[in-house]
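Letters A, B, ... are given to chains in the order of the sequence lines, protein chains preceding strands, and every chain is numbered from 1.
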There are 2 protein chains.
Amino acid sequence: MGTSSEVPDIVVGRLPIYLRALTVLEAQGQEIASSHELGQRLGISSAQIRKDLSHFGEFGKQGTGYNVDYLRRQLQRILKVESELEVALIGAGDLGHALAHYDGLNKRGFRITAIFDSDPAKQGEKPCACVIQDTANMAQILREKGYKIAVIAVPAEAAQEVADTCVEAGVKVLLNYAPITLSVPAEIQVQQIDPVVHLQRMTYYL
Amino acid sequence: MGTSSEVPDIVVGRLPIYLRALTVLEAQGQEIASSHELGQRLGISSAQIRKDLSHFGEFGKQGTGYNVDYLRRQLQRILKVESELEVALIGAGDLGHALAHYDGLNKRGFRITAIFDSDPAKQGEKPCACVIQDTANMAQILREKGYKIAVIAVPAEAAQEVADTCVEAGVKVLLNYAPITLSVPAEIQVQQIDPVVHLQRMTYYL
DNA sequence: TAGATTGTTAATCGATTAACAATC
DNA sequence: TAGATTGTTAATCGATTAACAATC
């Protein structure tokens with residue numbers, strides 16, 4: 001064991017997949033799952049699942065497997081998603097609206113509580129529980145309310161500037177839907193969602 | 001060298017990122033780029049970029065670097081995105097509509113030419129160039145028109161069944177927005193987009 | 001107890017990096 | 001030529017897997 005910074009990124013990246021599978025199993029009323037069963041569902045070897053989990057502790061019982069509810073809670077704790085997290089959404093175009101309406105975020109602990117758009121025509125609209133505000137006020141609001149998580153759903157041309165503002169305002173986690181690679185300080189977490197990139201890595205095999 | 005099946009998945013996965021960066025550079029009028037410059041922009045080592053490209057051929061010139069336009073075209077060829085590819089979209093909820101409206105797909109070679117939804121109220125609607133059809137007719141249409149690529153934007157409960165139908169109808173590439181791990185034959189390519197999974201792998205570091 | 005499955009070790013496998021000859 | 005950068009090799013580094021003692 002040791003400090004959490006020793007856990008490989010790639011291991012951390014699989015935990016949400018495990019968590020999701022456990023949530024599904026629990027909804028189905030299953031109380032126990034073995035690493036073998038989990039692995040089969042996810043297309044991952046059972047050894048890898050056990051190895052991954054061993055970075056964080058001992059969660060199973062020999063001869064039995066893992067208690068689904070217990071392991072789910074442990075993963076939520078490890079991933080720091082036990083309580084609800086507030087998310088700022090920047091960009092209220094089609095995608096921004098779709099995200100604002102999407103209850104899957106809410107149900108899984110991410111609450112969009114601020115939305116920004118630079119288009120005055122959209123400001124004042126209320127696509128979900130919160131009203132669309134002017135991007136000009138974003139930096140101040142992010143800092144005052146202490147937002148740590150932001151979702152960027154603006155056009156590619158605006159994304160880097162939005163990211164810079166977020167970082168400057170104290171945001172630590174960025175989910176970027178704009179199709180460009182953002183340049184941010186090393187301590188800032190960025191994940192990219194670009195459907196074209198995902199499609200292109202598959203068309204290679206056609 | 002050898003057959004393309006020898007190229008590691010992880011290398012193929014980076015090519016779309018390179019392609020995207022080259023497209024940006026070209027739009028900015030830059031004609032030449034070195035592996036070092038590309039790497040700096042992407043947060044990847046120059047050695048890795050050269051190694052990755054070396055799986056497919058020799059595209060650069062010593063002492064100079066890579067011709068941006070030439071390398072971009074080569075990557076498009078390797079990734080099989082030289083010509084437009086037809087995409088079927090299943091699910092016309094908020095996300096489906098957002099995808100149908102998104103011109104970034106079109107501009108980068110993926111044309112949505114069929115949309116399906118099981119809700120009769122939505123059928124007949126025309127969110128983009130094509131009309132929403134009944135999911136009941138999906139299998140037949142996918143097979144007749146020879147769709148190889150489908151985007152799944154239905155609720156989690158319906159996703160596995162939709163995937164099964166797609167695979168049965170000859171689809172080879174699936175982009176899945178539903179928050180479940182799909183079970184498909186090994187030869188089928190699947191990529192998953194789940195914002196919650198992306199967020200959770202970052203909240204670990206908060 | 002017998003059967004099953006964990007957590008962990010050691011071996012294997014694969015990916016990344018550093019370094020450099022080739023060459024533009 | 002001098003400077004720069006590629007493509008490639010070999011070394012390093014890290015991740016996955018197989019195997020098994022521990023134990024429920």
Nearest 0.5 Å please: distance from the CD1 atom of A:I49 over to the NZ atom of A:K51.
14.0 Å
Pairing partner of D:dT16, by Watson-Crick or G-U wobble and under 3.5 Å for both distances, is C:dA11
Do the side-chain N or O atoms of B:Q48 get closer than 4.0 angstrom to the phosphate oxygens (OP1, OP2) of C:dT16?
yes
May I have the distance from A:D52 (atom CG) to D:dT17 (atom P), rounded to whole angstrom?
10 Å
Rounded to whole angstrom units, what separation is found between the CG atom of B:L53 and the P atom of D:dT6?
10 Å
Return the CG to CZ distance between A:L89 and A:F116, rounded to the nearest 0.5 Å.
9.5 Å
State plainly whether the residues B:R73 and B:E82 are in salt-bridge range, i.e. N to O under 4.0 Å.
no
Kindly compute the distance separating CG (B:L15) from CZ (A:R201), expressed to the nearest 0.5 Å.
9.5 Å
Is the distance from OP1 or OP2 of D:dT5 to the nearest side-chain N or O of B:T64 less than 4.0 Å?
no
Please report the distance, rounded to the nearest Å, between CG in B:L38 and P in D:dT5.
12 Å
Any salt bridge between B:K148 and B:E86, counting N to O under 4.0 Å?
no
Over how many whole Å does the gap from A:I10 atom CD1 to C:dG14 atom P extend?
14 Å
Output the single nucleotide from D:dA15, D:dT16, D:dT8 whose closest atom is nearest the side chain of B:K51.
D:dT8
At less than 4.0 Å, is any side-chain N or O atom of A:R14 found next to OP1 or OP2 of D:dT16? Yes or no.
yes
In residues 26-36 of chain B, which ones come under 4.0 Å of DNA chain D, going by heavy atoms?
B:S34, B:S35
Atom CG of B:D9 and atom P of D:dA15 are separated, to the nearest Å, by 17 Å
Once you round it to whole Å, what is the distance between C1' of D:dG3 and NZ of B:K61?
16 Å
For D:dT23, give its Watson-Crick or G-U wobble partner with both distances under 3.5 Å, or none.
C:dA4
Phosphate oxygens OP1/OP2 of C:dG7: is one of them under 4.0 Å from a side-chain N or O of A:Y66?
yes
Do the side-chain N or O atoms of A:R50 get closer than 4.0 angstrom to the phosphate oxygens (OP1, OP2) of C:dT6?
yes
Let me know, please, whether B:S46 or A:V11 comes out on the 5' side of the other along DNA chain D by nearest nucleotide.
B:S46
Distance, rounded to the nearest Å, where A:E6 contributes CD and D:dA15 contributes C1'
16 Å
Report yes or no: is the cationic atom of B:K172 (NZ for Lys, CZ for Arg) under 6.0 Å from the centre of the six-membered ring of A:Y205, at an angle within 45° of the ring normal?
no
Take atom CD of B:Q62 and atom P of C:dC24, then tell me their distance rounded to the nearest Å.
6 Å
Between A:D194 and B:R108, is there a side-chain N and carboxylate O pair less than 4.0 Å apart?
yes
